[in-house]
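Report on the structure given below.
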Protein chains: 2
Amino acid sequence: MAEREIRRNMPLFQIGTVMQLTDLTARQIRYYEEHDLISPARTEGKRRLFSLNDIDTLLDIKDLIDQGVNLAGIKGIFNVKVQQVLTSEGKQETEKIRRDISNEDLRKALRTELLQAGRFNRSSLRQGDMSRFFH
Amino acid sequence: MAEREIRRNMPLFQIGTVMQLTDLTARQIRYYEEHDLISPARTEGKRRLFSLNDIDTLLDIKDLIDQGVNLAGIKGIFNVKVQQVLTSEGKQETEKIRRDISNEDLRKALRTELLQAGRFNRSSLRQGDMSRFFH
DNA sequence: AAAATCATGTAAGAAAACCTAACATCTGTT
DNA sequence: AACAGATGTTAGGTTTTCTTACATGATTTT
């Protein structure tokens, strides 16, 4: 379980990849970082490296912005969530709040849709075949 | 199910990331591509973009090289596997061959070990907290 | 309504990361 | 010894990303 969290927090993706996965501009992504909504790691050369969690957060931000929420609101929502985990011990409550903010299913659908969008569908046939052997 | 395959074939990672995940040098990775063991996609600017399947394949190559198999041998093994899926319909047999070539558990362990190695452990605390909400 | 603020676009110049091609080097084989 | 396989290294060029600064349209505040 902790293993999964580690994986989701691994800094793996350059900003170009994140742009395509989230459909956000570099300007937007950097702006959101500037306002502490994400904190991507850096290479030695100071290039940003994003994790899967970062991408999730960016997709959530995108969701909320599409719903008309401004950055202050988003920040507030995120803080509420953090607050929640700090003050309450039960998972039920946070789960409920999570649902209040945005529909989980819709979010998931949007994410996978985005993840499959654009040029990411064409991949080498050889690899496609190999994938049958390496589960 | 096809969804997972698509995800595993998405070109996402730059060579620098792959180097760290696999512990191979850029020279090695390009050499293996030159010999058709992998076929990473390219950005418009001709930079390589690797998929999870590419990384899996590279880890397998590394495995086999550590066992003393040379590229010709690896190529042969990969061809046998492809052959197998083309000629036989059952999954049992391919499964068996898979096991003959290298121990699945060992391979898995090695992969996760590599995936957690090096600088990939330090990740932002904020994100770590957020990950509890975005499963 | 004017001024300020928010969110994003755009441009410039610099630095990092990656590219190909070529040659060097080590190791094992013929 | 000569050769082939696998990898290291170097060089010059290109792509991608970086920061900083200024521009702009849309809202909000005064």
Side-chain angles (χ1 to χ4, degrees), chain A residues 10-51 54-55 57-79 118-120, chain B residues 11-51 54-55 57-79 118-120 124:
Chain A
M10 281 198 302
L12 296 172
F13 306 100
Q14 296 237 84
I15 201 168
T17 300
V18 176
M19 288 171 63
Q20 307 205 58
L21 291 177
T22 62
D23 209 33
L24 295 167
T25 66
R27 183 68 168 93
Q28 287 177 297
I29 295 168
R30 296 193 191 111
Y31 186 69
Y32 303 150
E33 177 190 15
E34 202 178 323
H35 288 267
D36 295 319
L37 294 174
I38 51 172
S39 310
R42 298 281 182 139
T43 67
E44 288 192 4
K46 304 301 178 193
R47 293 198 167 190
R48 272 165 266 256
L49 280 183
F50 300 83
S51 68
D54 289 328
I55 291 173
T57 302
L58 287 171
L59 289 173
D60 286 327
I61 293 169
K62 194 182 159 72
D63 256 17
L64 292 168
I65 281 176
D66 286 350
Q67 293 174 219
V69 182
N70 65 12
L71 277 216
I74 294 173
K75 220 178 281 195
I77 288 166
F78 283 6
N79 281 339
R119 66 188 178 70
F120 291 113
Chain B
L12 296 172
F13 307 100
Q14 297 237 36
I15 201 168
T17 300
V18 176
M19 288 171 63
Q20 307 205 59
L21 291 178
T22 62
D23 209 34
L24 294 167
T25 65
R27 183 67 167 95
Q28 287 177 297
I29 295 168
R30 296 193 191 111
Y31 186 70
Y32 302 151
E33 178 191 13
E34 200 178 323
H35 288 267
D36 296 320
L37 293 175
I38 51 172
S39 311
R42 297 281 181 141
T43 67
E44 288 192 3
K46 306 299 178 195
R47 293 200 166 187
R48 272 166 266 256
L49 281 183
F50 300 83
S51 68
D54 288 330
I55 292 172
T57 302
L58 287 171
L59 289 173
D60 286 328
I61 292 169
K62 194 182 159 73
D63 256 17
L64 293 168
I65 281 177
D66 286 351
Q67 294 175 218
V69 183
N70 64 13
L71 277 216
I74 294 173
K75 220 180 281 193
I77 287 166
F78 283 7
N79 282 338
R119 64 188 180 70
F120 291 113
S124 110

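Values reported hereafter were calculated over all heavy atoms of this structure, with side chains retained and with hydrogens, waters and symmetry mates removed. Small disclaimer: the values here were computed from a predicted structure and weren't measured. Order of the sequence lines sets the chain letters (A, B, ...), proteins ahead of strands, with each chain counted from 1.
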How close or far is atom [atom2] of [N] from atom [atom1] of [X], stated in whole angstroms?
| X | N | atom1 | atom2 | value |
| --- | --- | --- | --- | --- |
| L37(B) | dG5(D) | CG | C1' | 13 Å |
| R48(A) | dA15(C) | CZ | P | 17 Å |
| E44(A) | dA16(C) | CD | P | 11 Å |
| I15(B) | dC19(C) | CD1 | C1' | 9 Å |
| M19(A) | dT8(C) | CE | P | 13 Å |
| I74(A) | dA7(C) | CD1 | P | 8 Å |
| R42(B) | dT16(D) | CZ | P | 12 Å |
| Q14(B) | dT16(D) | CD | C1' | 8 Å |

### Query
At under 4.0 Å between heavy atoms, what does R30(A) touch on the DNA or RNA strands: base, sugar-phosphate, or nothing?
base
### Query
So how far is it from L37(A) CG to I74(A) CD1, rounded to the nearest 0.5 Å?
6.5 Å
### Task
Drop me the distance from M19(A)'s CE to L24(A)'s CG, to the nearest 0.5 angstrom.
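These two atoms lie 9.0 Å from each other.
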### Query
How does each nucleotide of nucleotides 6-14 of chain D score, in 5' to 3' order, for protein heavy atoms under 4.0 Å: base (B), sugar-phosphate only (S), or none (-)?
BBBB-----
### Message
Quick check on dA16(C): is either OP1 or OP2 less than 4.0 Å from any side-chain nitrogen or oxygen of T43(A)?
### Response
no
### Message
Under a plain distance cut-off of 3.5 Å, with no hydrogens placed, do D54(A) and S51(A) share a side-chain donor-acceptor pair?
### Response
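There is such a pair between these side chains.
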### Query
How far apart are the C-alpha atoms of F13(A) and T17(B), what are their side-chain angles, what is the distance that settles it, and do they pass the side-chain contact (heavy atoms from CB on, under 4.5 Å) test?
CA-CA 8 Å; F13(A) 306 100; T17(B) 300; over 6 Å; no
### Query
Would you find a donor on one side and an acceptor on the other, under 3.5 Å apart, between the side chain of D63(B) and the backbone of D60(B)?
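Flag not set: sc D63(B) to bb D60(B) has no pair under 3.5 Å.
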### Task
Please list, chain by chain and in numerical order, all residues satisfying side chain to side chain contact (heavy atoms under 4.5 Å, CB included) with R48(B), sequence neighbours excluded.
I15(B), R30(B), E33(B), P40(B), R42(B), F50(B)
